[in-house]
Chemist: 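Take this structure first; my questions come after.
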Amino acid sequence: MKELEAITGGALGGWMARFRSDGRSTHSAPPPGTKCDNCETELVGHFCHACGQEASNHHKSILHVTWEAIEGMFHLDGRLWRTVPWLFVRPGRLSREYLDGKRARHVPPFRLFLVSLLLFILSAETVIHKAVHDAQHRAEHASPAAHGEAAHAKPGGGAASQASAEAAKDLQEDGVLTVGKDGTKLRFVGPSKDVLANDKAKAEWLNTQLNKAVATPGYFMAVVFGWGHRLAVFLLPILALSLAGCYFYRRKFFMYDHLIVSMNYLSFIFLLWAVVLILPRQVSEIGVLAALLWAPVNLFQTLRGVYGSNIFGAVLKTGVVWVTTQMAFVFLLLGLLWLGLSQI
């Protein structure tokens, strides 16, 4: 899978390297009278207006192809260095220009979303694997004295503990609780034995799956990240629907427009947290705090720039969209953990 991503990225990078940030080809124009190799239509410019094929000599040296791939992956024809800074400091204008048709100068939103999601997943996977490795290392070098103390530790006893155990047993068996020295009994209607058995089975299943996750953290992480990028895509329609709900009275905006805005904003979120996750431990807390403050501010700037909301309206809608997306993220995260536990 990684080899396929590398090959695809190199090929896509080589193709993208043939164009400048304004969308024009970096190759020289064909001479007048040149015909398209595909449909033999006379060319006017770098592309055939009949079939769309580029007028380029694809028989190139290995060095030329290698250079185009490197330039495409790291330079991205200049659009990356124009798009990413705007994504962080001018998010409203970035989406607004794309919706207004000025698209050749920026990286397409969906491509940017996928790349940002991939970088976030790689960053999170690296951090989690390091944390798991450190925890295993500490467990392996734990002091034997601690295990000895745990083995010789005596469970809490005494009359009070014995009485509590007997009371709990009576409570589970027949709903009768003995209180007082005179043996007074109180009867109440409690949960049925079937309900208790069902709850006990659920608790045992959860305990078993958690033990499996602890025993095989690598496999558990593989399952979680395997589902993570799929569930992350669900954030797109959720965010777009929340934007559509806030601006339902703006008839000139369609669901496509809200999806474009959502892609750019989620790209910002993924890139922001990808950077925060790999920060050194000394500044990680500051990075987390900055990210938590920057995310709603960026959303506020987006709503102001794209939809033209006034300050009060943008603040109100920012709160609504922010709470909605956070709740959706929590539910998706819980669902992701449940999927991971159920498949190990």
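All of these numbers come straight from a predicted model, not from anything done at the bench.
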Chemist: Side chain of N211, backbone of N207: donor and acceptor closer than 3.5 Å?
Modeler: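 Checked: pair present.
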
Chemist: Nearest 0.5 Å, please: how far is OG1 in T318 from CD1 in I311?
Modeler: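 One gets 11.5 Å once the value is rounded to the nearest 0.5 Å.
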
Chemist: Might you work through the side chain to side chain contact (heavy atoms under 4.5 Å, CB included) test for T126 and I278, ending with a clear yes or no?
Modeler: CA-CA 8 Å; T126 301; I278 61 176; 5.8 Å; no

Chemist: Hey, is the main chain of F254 close enough, under 3.5 Å, to the side chain of D257 for a donor-acceptor pair?
Modeler: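 Indeed, once roles are kept as given, a pair shorter than 3.5 Å links the two residues.
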
Chemist: If we only count heavy atoms from C-beta on, is the P91 to Y265 side-chain gap below 4.5 Å?
Modeler: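 In short, these two side chains do not touch, never coming nearer than 4.5 Å.
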
Chemist: Report the relative orientation of the aromatic rings in W86 and H106; use parallel for angles under 30°, tilted for 30 to 60°, perpendicular for over 60°.
Modeler: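 The arrangement is tilted - the two ring planes meet at 30° to 60°.
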
Chemist: Do any N or O atoms from the side chain of N298 and from the backbone of L87 form a donor-acceptor pair under 3.5 angstrom?
Modeler: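 Checked: pair present.
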
Chemist: Should the pair R105-E97 be classified as a salt bridge under the 4.0 Å nitrogen-to-oxygen rule?
Modeler: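 Here R105 pairs with E97 in a salt bridge, since their nearest N and O are under 4.0 Å apart.
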
Chemist: Is L292 linked to W322 within one hydrophobic cluster, defined over Ile, Leu, Val, Met, Phe, Trp and Tyr using a side-chain heavy-atom separation of less than 4.5 Å?
Modeler: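 Result: yes, single cluster for both.
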
Chemist: Rounded to the nearest 0.5 Å, what separation is found between the CZ atom of F113 and the CZ atom of F270?
Modeler: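 Here the rounded value is 5.0 Å.
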
Chemist: Report the distance from atom CG of L341 to atom CG of L336, rounding to the nearest 0.5 Å.
Modeler: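 The CG atom of L336 is 9.5 Å from CG of L341, to the nearest 0.5 Å.
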
Chemist: Within the side chain of T41, is there an N or O that forms a donor-acceptor pair under 3.5 Å with the backbone of C36?
Modeler: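 No, the answer is negative, given that no donor and acceptor are paired below the 3.5 Å cut-off.
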
Chemist: Is F253 atom CZ crowded by more than 12 heavy atoms from other residues, nucleotides or ligands, each under 6.0 Å away?
Modeler: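 Yes, because the 6.0 Å sphere around CZ of F253 holds more than 12 heavy atoms from other groups.
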
Chemist: Any side-chain hydrogen bond (donor to acceptor under 3.5 Å, both in side chains) involving residues 267-281? Give me the pairs, sequence neighbours left out, ordered by first then second residue.
Modeler: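 As it turns out, there is no side-chain hydrogen bond (donor to acceptor under 3.5 Å, both in side chains) pair with a partner in residues 267-281 once direct neighbours are skipped.
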
Chemist: With a sphere of 6.0 Å drawn around OH of Y256, does it hold more than 12 non-hydrogen atoms of other residues, nucleotides or ligands?
Modeler: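 Yes, because the 6.0 Å sphere around OH of Y256 holds more than 12 heavy atoms from other groups.
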
Chemist: Looking only at heavy atoms, which two atoms of S242 and V321 are closest? And how far apart?
Modeler: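 Heavy-atom minimum between the residues: OG-CG1, 3.8 Å.
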
Chemist: Give me the atom names and distance for the closest heavy-atom approach of F300 to A314.
Modeler: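 So the minimum-distance heavy-atom pair works out to CE1-CB, 3.4 Å.
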
Chemist: Might you point out which heavy atoms bring H258 and A240 nearest each other, and give the distance in Å?
Modeler: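 What the structure gives for the nearest pair is CB-O, 3.8 Å.
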
Chemist: Establish whether V89 and V261 are linked, either directly or via other cluster members, by ILVMFWY side-chain heavy-atom contacts under 4.5 Å.
Modeler: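 Linked within one cluster.
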
Chemist: Counting neighbours of CE on M255 that are heavy atoms of other residues, nucleotides or ligands and sit closer than 6.0 Å, is the number greater than 12?
Modeler: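 Above 12, so yes.
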
Chemist: Transitively linked via ILVMFWY side-chain contacts under 4.5 Å: V315 with L299?
Modeler: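 Hydrophobic grouping puts V315 apart from L299.
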
Chemist: Pair up each side-chain donor or acceptor in residues 243-251 with any protein partner under 3.5 Å, not counting sequence neighbours, and list the distances.
Modeler:
residue, atom, partner, partner atom, Å
Y247, OH, S309, OG, 2.6
Y249, OH, K317, NZ, 3.4
R250, NH1, Y307, O, 2.4
R250, NH2, Y307, O, 3.3

Chemist: Rounded to the nearest 0.5 Å, how far apart are CZ of R90 and CD of Q301?
Modeler: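 Reported value, rounded in 0.5 Å steps: 10.5 Å.
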
Chemist: Please round to the nearest 0.5 Å and tell me the distance separating atom CD of Q209 and atom CH2 of W338.
Modeler: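 Between atom CD of Q209 and atom CH2 of W338 there are 10.5 Å.
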
Chemist: What about V297 and F88, same hydrophobic cluster or not, with Ile/Leu/Val/Met/Phe/Trp/Tyr joined at side-chain heavy-atom distances under 4.5 Å?
Modeler: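 Cluster IDs for V297 and F88 differ.
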
Chemist: Do L277 and F120 make a side-chain contact, defined as non-hydrogen atoms from C-beta onward lying under 4.5 Å apart?
Modeler: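 They are in side-chain contact.
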
Chemist: May I ask you to decide if G305's main-chain N or O and R96's side chain share a donor-acceptor pair within less than 3.5 Å?
Modeler: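 Judged by distance alone, no pair lies under 3.5 Å.
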
Chemist: Quick one: do V127 and I286 end up in the same hydrophobic cluster if we chain Ile, Leu, Val, Met, Phe, Trp and Tyr together by side-chain heavy atoms under 4.5 Å apart?
Modeler: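 Not linked; separate clusters.
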
Chemist: Of all the heavy-atom pairs spanning N264 and S95, show the shortest one and how long it is.
Modeler: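 In terms of heavy atoms, the two residues are closest at ND2-OG, 2.9 Å.
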
Chemist: Any chance you could measure L119, atom CG, to L271, atom CG, to the nearest 0.5 Å?
Modeler: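 Rounded to the nearest 0.5 Å, the CG-CG separation comes out at 6.0 Å.
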
Chemist: Between T34 (side chain) and L43 (backbone), is there a donor-acceptor pair under 3.5 Å?
Modeler: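 Absent.
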
Chemist: Considering all heavy atoms of both residues, which atom of V107 and which atom of T83 are nearest to each other, and what is their separation?
Modeler: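 Here V107 and T83 meet closest at N-OG1, 3.0 Å.
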
